[in-house]
Each structure stands twice: as structure tokens, then as C-alpha cells.
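Every chain is numbered from 1, with letters handed out A, B, ... down the list of sequences.
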Amino acid sequence: MQPFTAQVIEIISAIPAGKVMTYGQVAGAAGSPRAARQVVRILHSMSGKHGLPWHRVVNARGEIAIREEEGFFLQKMFLEGEGVEVTEDGLVNLARYQHHPS
DNA sequence: GCCATGGCTAGTA
DNA sequence: GCCATGGCTAGTA
């Protein structure tokens with residue numbers, strides 16, 4: 001496992017319940033501000049094995065990024081279950097719910 | 001080659 | 001709506 005990947009996994013694991021981070025934000029915190037898509041890839045392929053709270057990552061506008069219906073719904077349900085308000089369209093209020101690691 | 005992005009522009013209203 | 005970006009997993013040979 002590469003250092004960047006390990007960083008990303010660590011950062012995402014540390015997002016508290018009821019909070020979200022953006023793909024780009026996670027990439028930046030891991031040291032590569034432009035590697036947002038790589039964060040996507042890591043979540044896509046490794047969230048299962050590592051038990052990552054994948055649902056706590058949204059795009060830069062605060063939207064659920066999954067197009068596929070079942071995944072979208074699942075992420076919405078998980079977030080709402082933690083007290084995060086999600087609109088019908090999958091929008092989360094970043095000003096209110098974004099996590100800023102110290 | 002993949003990917004669940006991001007940011008900027010053109011073009012409409 | 002378009003396209004530059006980036007780090008690498010999964011799976012074959």
C-alpha cells in the first residue's frame with residue numbers, strides 16, 4: 001500500500017459520525033490537492049476491506065456523487081441515520097456538516 | 001485504464 | 001458541458 005493511499009484511508013477513518021468531507025479536501029489533507037479522483041478510486045475499491053465510512057465523503061458542492069440509484073440511496077440513508085440532513089437531490093449543507101481535521 | 005472530481009468557460013436568458 | 005488531473009488496485013500472464 002502506497003503512502004498516499006494509507007493517508008487517505010487514515011483521514012477518512014477519522015471523519016466523525018454526523019460529519020462529511022469532500023473528495024478534494026481529503027486529497028489535499030493527504031498531500032495531493034489535485035488527486036480527488038484518486039480518492040474516489042480508493043473509496044470505490046477499498047472501502048469494503050478497510051471498513052471505511054465511505055458515505056461521509058461528498059463532492060465539492062456538498063452533493064452525493066454516486067449516480068447509481070442504490071448506492072445513492074444507501075449513502076443518503078447512512079448520513080440521515082447519523083443526523084445529517086440530506087435533500088431529495090442529495091445535497092448536504094457543507095457550512096453546517098463539513099469536518100475540518102486539525 | 002479506471003474513477004462516486006473539480007474548476008473554468010462558453011453561451012443562454 | 002468539457003477536459004486536465006493523478007496515483008494506483010485488481011486481475012491476468
Side-chain angles (χ1 to χ4, degrees):
Chain A
M1 160 129 38
Q2 304 306 302
F4 178 81
T5 304
Q7 282 292 301
V8 167
I9 287 174
E10 188 179 319
I11 290 161
I12 290 173
S13 298
I15 305 174
K19 291 288 181 178
V20 300
M21 286 182 76
T22 69
Y23 297 99
Q25 187 193 2
V26 171
S32 292
R34 299 202 195 110
R37 299 203 72 148
Q38 183 58 14
V39 172
V40 168
R41 239 188 61 54
I42 291 167
L43 280 173
H44 192 80
S45 59
M46 306 179 71
S47 55
K49 316 294 178 202
H50 294 268
L52 300 179
W54 57 270
H55 59 282
R56 307 214 262 249
V57 188
V58 296
N59 73 17
R61 302 201 295 260
E63 298 163 332
I64 289 176
I66 301 174
R67 329 281 186 191
E68 186 265 319
E69 189 179 0
E70 195 175 315
F72 178 96
F73 183 71
L74 194 59
Q75 181 167 11
K76 189 169 183 288
M77 291 307 287
F78 275 135
L79 287 173
E80 288 174 339
E82 298 179 347
V84 176
E85 289 177 39
V86 185
T87 69
E88 203 68 30
D89 298 334
L91 182 66
V92 171
N93 183 344
L94 284 183
R96 184 165 173 191
Y97 296 109
Q98 187 169 18
H99 173 57
H100 301 282
S102 37

Nearest-Å distance for atom pair [atom1]/[atom2], residues [X] and [N]:
| X | N | atom1 | atom2 | answer |
| --- | --- | --- | --- | --- |
| L52(A) | dT9(C) | CG | P | 13 Å |
| E63(A) | dG6(B) | CD | P | 10 Å |
| Q7(A) | dC8(C) | CD | P | 11 Å |
| I42(A) | dG7(C) | CD1 | P | 10 Å |
| M21(A) | dG6(B) | CE | P | 12 Å |
| N59(A) | dC3(B) | CG | P | 18 Å |
| I64(A) | dA4(B) | CD1 | C1' | 10 Å |
| I9(A) | dG7(C) | CD1 | P | 16 Å |

query: What is the pairing partner of dG11(B), taking Watson-Crick or G-U wobble pairs with both distances under 3.5 Å in any strand?
result: none

- line: Answer for the Watson-Crick or wobble partner of dT5(C), both distances under 3.5 Å, is none

Which nucleotide, [options], lies nearest any side-chain atom of [X]?
| X | options | result |
| --- | --- | --- |
| R41(A) | dG7(C), dA10(C), dA4(B) | dG7(C) |
| R37(A) | dA4(B), dC3(B), dG6(B) | dC3(B) |
| F4(A) | dG6(C), dC8(C), dA4(B) | dC8(C) |
| A35(A) | dT5(B), dC8(C), dG6(C) | dG6(C) |
| L43(A) | dG6(B), dC3(B), dA4(B) | dA4(B) |

Using only atom types and a distance under 3.5 Å, with no angle test, would you say the side chain of [X] pairs donor to acceptor with the backbone of [Y]?
| X | Y | answer |
| --- | --- | --- |
| D89(A) | L91(A) | no |
| Q25(A) | H99(A) | yes |
| E68(A) | E70(A) | yes |

query: 5'-most contact on DNA chain C: S45(A) or G31(A), nearest heavy atom basis?
result: G31(A)

- prompt: If you measure from CD1 on I15(A) to OH on Y97(A), what distance do you get to the nearest 0.5 Å?
  reply: 15.5 Å

task: Could you measure between the two C1' atoms, the one in dG6(B) and the one in dT9(C), and give it in whole Å?
output: 23 Å

- request: Kindly say if T5(A) contacts the phosphate of dC8(C), meaning a side-chain N or O under 4.0 Å from OP1 or OP2.
  value: yes

- request: Would you indicate, yes or no, if dT5(B) has its OP1 or OP2 atom less than 4.0 angstrom from a side-chain nitrogen or oxygen of R67(A)?
  value: yes

task: Measure the shortest side-chain to side-chain distance between E85(A) and N93(A) over non-hydrogen atoms and say whether it is less than 4.5 angstrom.
output: no

message: Base, sugar-phosphate or nothing for Y23(A)? Non-hydrogen atoms, less than 4.0 Å.
response: base

Report, one line per pair, each donor and acceptor closer than 3.5 Å where one atom sits in a side chain of residues 28-53 of chain A; sequence neighbours left out.
from: S45(A); atom 1: OG; to: R41(A); atom 2: O; distance (Å): 2.9
from: S47(A); atom 1: OG; to: L43(A); atom 2: O; distance (Å): 2.8

Nearest-nucleotide comparison on DNA chain B, the residue closer to the 5′ end among Q38(A) and R61(A): Q38(A)

message: What I want to check is whether an N or O donor and acceptor connect the side chain of R34(A) with the base of dT5(C) at under 3.5 Å.
response: no

